[in-house]
Amino acid sequence: MKNRKLRMGMVGGGSDAFIGAIHRCGAFMDNQIELVCGCFSVNPEISRSSGLSYYLPEDRIYSTYQEMFEHELTLPEGERMDFVTIVTPNKWHFEPAMMALERGFHVVIDKPITFSLEEAKELQKKVEETGLVLALTHVYTGYPAVKDMKARIAAGELGKIRRVYVEYCQGWLSERIELLSGNNAGWRTDPKRSGKAGCIGDIGTHAWHLSEYVLGQKVTELCGDLTSFVPNRPIDDDGTAFLKYDGGAKGVLVSSQICAGEENNIRIRVYGEKGGLEWRQEEPNSVYAKWIDKPKEIYRVGNGGYMAPIAKYNARTPGGHPEGFIESFANIYRNFSATVRAIAEGRKATEEELDFPTVYDGVRGMQFIETMVEAGHNDSQKWQKWID
Ligand SMILES: NC(=O)c1ccc[n+]([C@@H]2O[C@H](COP(=O)([O-])OP(=O)(O)OC[C@H]3O[C@@H](n4cnc5c(N)ncnc54)[C@H](O)[C@@H]3O)[C@@H](O)[C@H]2O)c1
């Protein structure tokens, strides 16, 4: 890996997909990674046309991921991919991830990590056994402003944390658009492809993860409620929870895809003994601070010396240029690739390099889904201990 880019393969992410293109933008941003191969679609024709449009050689564009892993292994080490990014619907996360780890490839995978908790635990075991790196793209914890917020809370600027409100509201599933073709609402609202949960797995996991990352505390118990507001939808499109954290904080989480008119409104507010901090991804460069004994403040990414070192490390531009969704994917990829290089060089990765979500976040994400489903559809026992 010395003096060369890391070689990336992909499963999913063809011209028929949403998030794969964002992954590529993020992965390439810091000139550390290049795309060398992929099975880009469940449809071999789309895989081929997509690969050609990314200027890949025909013999590195595959019809199935099984074929991809087998063929890549036959290539000399100097040519084959180093890691695979998996951006398929949830049902097709586990098998390619396990095949990759078994063949010595590092993995980047989108959330939720797998279809079931059991699968996630198997991946954890395999990562521990192989020593390979698995990064999970819970992208909202990649924003520099979020990292600043986390650092301030850890430094005690708010005093002991009491209360967190975290929400992720979208409106795009307000109608049953999954019955129309040409969108990716179909698999998201089908339990056979999405898993036990709909909205709470798709975006509720982001809200839960953001809260644990920012607080530095873990949920121990929750009271959950899940609803399918849109008639005949077989899976939740809205969820709410009260949360108890191991450091004593209490939270409210709202996650909804039927908040008509909302886009990607993920935001978090945290309150301690001395004041509060707020961040909204639709205005990503600002952290709002509210104090008991002084006027409100706005901390701006890219400005001056006052941002936490970890926030500066993950920012790229001077103040006023928004650093958003794609840059946050780039932060995960940059930190992941630095960690992979550290392993190859036989050195210990630094704290900054290791700052990305891993298989352990993935397992906890599946535990969050399991606990929410247990509480959310259970009218006699709404409070549930965290399911391990
Ligand atoms: N981190 C985030 O912010 C974020 C945002 C969107 C989606 N996601 C996650 O990313 C994943 C993909 O979501 P999406 O919105 O891009 O879905 P999508 O339906 O738009 O795209 C899925 C892609 O996977 C391909 N595919 C399906 N089965 C395949 C197989 N067996 N082999 C190869 N390719 C296959 C499809 O052809 C398509 O190219 C999901 O797990 C989703 O939860 C995460």
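Counting starts at 1 for both ligands and their atoms, in listed order. All figures in this text were calculated on a predicted structure; none of them were measured in a lab.
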Enquirer: Can Tyr271 and Glu278 be said to form a side chain to side chain donor-acceptor pair (under 3.5 Å), step by step?
Expert: CA-CA 9 Å; Tyr271 300 93; Glu278 175 173 356; 5.2 Å; no
Enquirer: Considering the heavy atoms of Asp202, write down every atom of ligand 1 situated less than 4.0 Å from one of them.
Expert: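 Going through ligand 1 atom by atom, the ones under 4.0 Å from Asp202 are 43 (O).
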Enquirer: Would you say Tyr140 has any N or O atom under 3.5 Å from an N or O of ligand 1, going by distance alone?
Expert: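 Min N/O separation from ligand 1 is not below 3.5 Å for Tyr140.
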Enquirer: Is Val11 near ligand 1, meaning one of its heavy atoms is under 4.0 Å from it?
Expert: yes
Enquirer: Counting from 1, what ligand 1 atoms have a heavy atom of Gly14 closer than 4.0 Å?
Expert: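 The list of qualifying atoms is 39 (O).
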Enquirer: Heavy-atom contact under 4.0 Å between Lys91 and ligand 1?
Expert: no
Enquirer: Pick one of side chain, backbone, both or neither for how Phe329 approaches ligand 1, counting any non-hydrogen atom pair under 4.0 Å.
Expert: side chain
Enquirer: Are any of the side-chain nitrogens in Arg316 or Asp30 under 4.0 Å away from the carboxylate oxygens of its partner?
Expert: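 Salt bridge: yes.
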Enquirer: To which protein heavy atom is atom 16 (O) of ligand 1 closest, and what is the distance rounded to 0.1 Å?
Expert: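 Minimum-distance protein heavy atom for atom 16 (O) of ligand 1 reads Ile19 N, 2.9 Å.
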Enquirer: Sequence neighbours excluded, which residues qualify as side chain to side chain contact (heavy atoms under 4.5 Å, CB included) partners of Asp16?
Expert: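 Ser41, Ile46.
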Enquirer: Honestly, is Arg188 close enough over Trp172, meaning NZ or CZ under 6.0 Å from the six-membered ring centre and within 45° of the axis?
Expert: no
Enquirer: For the residue pair Tyr288 and Tyr299, confirm or rule out a side-chain donor-acceptor distance under 3.5 Å.
Expert: no
Enquirer: Quick test of your reading of the structure: of His23, Met68, Lys111, whose heavy atom lies closest to atom 43 (O) of ligand 1?
Expert: Lys111
Enquirer: Can you name the ring-ring contact (aromatic ring centres under 6.0 Å, His included) partners of His138, sequence neighbours left out?
Expert: His206, His209
Enquirer: Any idea which protein heavy atom is nearest atom 39 (O) of ligand 1, and the distance to it?
Expert: Asp16 OD1, 2.7 Å
Enquirer: Using a 3.5 Å cut-off on N or O atoms only, is Phe18 in polar contact with ligand 1?
Expert: yes
Enquirer: Could you verify whether a donor N or O on one side chain and an acceptor N or O on the other, from Glu297 and Tyr306, lie under 3.5 Å apart?
Expert: no
Enquirer: Compare all side-chain heavy atoms of Val11 with those of Trp92 and state whether any distance is below 4.5 angstrom.
Expert: no
Enquirer: Can you establish whether the number of heavy atoms outside Tyr313 located under 6.0 Å from its atom OH is more than 12?
Expert: yes
Enquirer: Consider ligand 1: state whether an atom of it lies below 4.0 angstrom from any non-hydrogen atom of His138.
Expert: no
Enquirer: At less than 4.0 angstrom from any non-hydrogen atom of Val139, what atoms of ligand 1 do you find?
Expert: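 Every atom of ligand 1 under 4.0 Å from some heavy atom of Val139: 3 (O).
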Enquirer: So which of His206, Arg193, Arg188 gets nearest to atom 15 (O) of ligand 1, if we judge by its closest heavy atom?
Expert: Arg188
Enquirer: Considering heavy atoms of the protein only, find what lies nearest to atom 28 (N) of ligand 1 and give residue, atom and distance to 0.1 Å.
Expert: Val42 CB, 3.6 Å
Enquirer: Parallel, tilted or perpendicular: which one describes the rings of His71 and Tyr62, with boundaries at 30° and 60°?
Expert: tilted
Enquirer: Nearest non-hydrogen atom to atom 44 (C) of ligand 1 belongs to which of Asp110, Val87, Asn43?
Expert: Asp110
Enquirer: Who's closest to atom 34 (N) of ligand 1 heavy-atom-wise, of Ser41, Gly201, Ser47, Ala17?
Expert: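 Among Ser41, Gly201, Ser47, Ala17, the closest heavy atom to atom 34 (N) of ligand 1 comes from Ser41.
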Enquirer: I need the atoms of ligand 1 closer than 4.0 Å to a non-hydrogen atom of Phe40, numbered in the order shown.
Expert: 39 (O)
Enquirer: Indicate whether the side chain of Gln257 and that of Gln170 have a donor and an acceptor atom separated by less than 3.5 Å.
Expert: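 Yes, a side-chain donor-acceptor pair sits under 3.5 Å.
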Enquirer: For atom 17 (O) of ligand 1, what is the nearest protein heavy atom, given as residue, atom name and distance?
Expert: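 Nearest protein contact, heavy atoms only, for atom 17 (O) of ligand 1 is Trp187 NE1, 3.5 Å.
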Enquirer: Counting from 1, what ligand 1 atoms have a heavy atom of Thr137 closer than 4.0 Å?
Expert: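 So the atoms of ligand 1 that pass are 1 (N).
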Enquirer: With only distance considered, is Phe325 within less than 3.5 Å of ligand 1 through an N or O on each side?
Expert: no
Enquirer: How far is atom 32 (N) of ligand 1 from the closest protein heavy atom, and which atom is that?
Expert: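 For this ligand atom, the closest protein heavy atom is Tyr65 CD2, 3.7 Å.
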Enquirer: On a heavy-atom basis, I'd like to know which of Pro89, Gly12, Ser50 is closest to atom 27 (C) of ligand 1.
Expert: Pro89
Enquirer: Starting from atom 11 (C) of ligand 1, locate the nearest protein heavy atom and write down its residue, its atom name and how far away it is, to 0.1 Å.
Expert: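 Result for atom 11 (C) of ligand 1: Thr88 O, 3.2 Å.
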Enquirer: Give a yes/no verdict on a cation-pi contact between Arg163 and Tyr165, requiring under 6.0 Å between NZ or CZ and the six-membered ring centre and an angle within 45° of the axis.
Expert: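 Verdict for Tyr165: a cation-pi partner in Arg163.
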Enquirer: Provide the number and element of each atom of ligand 1 under 4.0 Å from a heavy atom of Cys39.
Expert: 33 (C)
Enquirer: Could you check Phe336, Tyr333, Phe40, Phe28 and say which one makes a ring-ring contact (aromatic ring centres under 6.0 Å, His included) with His23?
Expert: Tyr333
Enquirer: Are Phe325 and Phe329 close enough that their ring centres sit under 6.0 Å apart?
Expert: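 Yes.
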